[in-house]
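Structure record follows, encoded as structure tokens.
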Amino acid sequence: MNAILVIAHAPLASALRQCVLHVFPDAHQAVDALDVPPHQAPEETLAQARRMMALHGADDTLVLTDIFGATPCNIATQLLDGAHTRLVTGVNLPMLLRAVTYRHEPIDTLVSRATLGGTQGVMPLAPTAPQNQFRRPTHDPTHRDHQQ
């Protein structure tokens, strides 16, 4: 099974983990969270992340961070080994839930599923429920733009 490590600005990583455990209480061993406090040295956070990965002992690890180019992401890039660790930025709850759901799949498949979960989980919604929205009938005799 793959490990999932969320590294994000405090308290986002822990909050996301708690949300996941609300939905998947059995995932407590699969998902770790590392909150990056505002004044902690990056070297300390990196050492903590390495300890967390070593303690987990998984063959492969998916690391999720919040913002590309920010401190959590910069720390996470130093964890990449090119073989057993993958990194995806822009973590959100749909992404993390998808990753936990498919944590048993190969790491490359897991990356793909997590990324899709993150992007598909973001969508604009109308102010009313779709079933209450006005829709034009499929055959409207007054609608003539199909005629020449």
Minimum heavy-atom separation for [X] to [Y], with atom names?
X	Y	result
P37	Q40	CG-OE1, 3.2 Å
A33	A13	CB-O, 3.4 Å
A76	T65	CB-CG2, 3.5 Å
N74	G69	ND2-O, 3.2 Å

Electrostatic pair R103:D26 at N-O distance under 4.0 angstrom: yes

Salt bridge present between R86 and D108 (N-O < 4.0 angstrom):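 A salt bridge is present here (some side-chain N lies under 4.0 Å from a carboxylate O).
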
Donor-acceptor contact below 3.5 Å, side chain D35 vs main chain S14: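 Yes.
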
Donor-acceptor pair, side chain of R17 and main chain of H28, under 3.5 angstrom: yes

Nearest-0.5 Å distance that lies between atom CD in Q120 and atom CZ in R113: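 These two atoms lie 10.5 Å from each other.
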
Side chain to side chain donor-acceptor pair (under 3.5 Å) assessment of Q78 paired with R50: CA-CA 10 Å; Q78 296 177 60; R50 286 188 172 140; 5.0 Å; no

Linked hydrophobic residues, L62 as query - side chain contacts closer than 4.5 Å: I4, V6, L12, L16, V20, V23, F24, V31, L64, V88, V91, L93, M95, L96, L97, V100, Y102, I107, L110, V111

Hydrophobic cluster (4.5 angstrom, side-chain heavy atoms) - remaining members for M53: L5, I7, L34, V36, L46, M52, V63, I75, L79, L80, L87

NE2 (H104) with more than 12 external heavy atoms under 6.0 Å: yes

Positive for side chain to side chain contact (heavy atoms under 4.5 Å, CB included) with H84, one of N2, D60, T61: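 Among the candidates, only D60 passes.
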
Any P72 side-chain heavy atom under 4.5 Å of H9 side chain: yes

Side-chain heavy-atom pair Q29, M1 within 4.5 angstrom cut-off: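 No; the side chains remain at least 4.5 Å from each other.
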
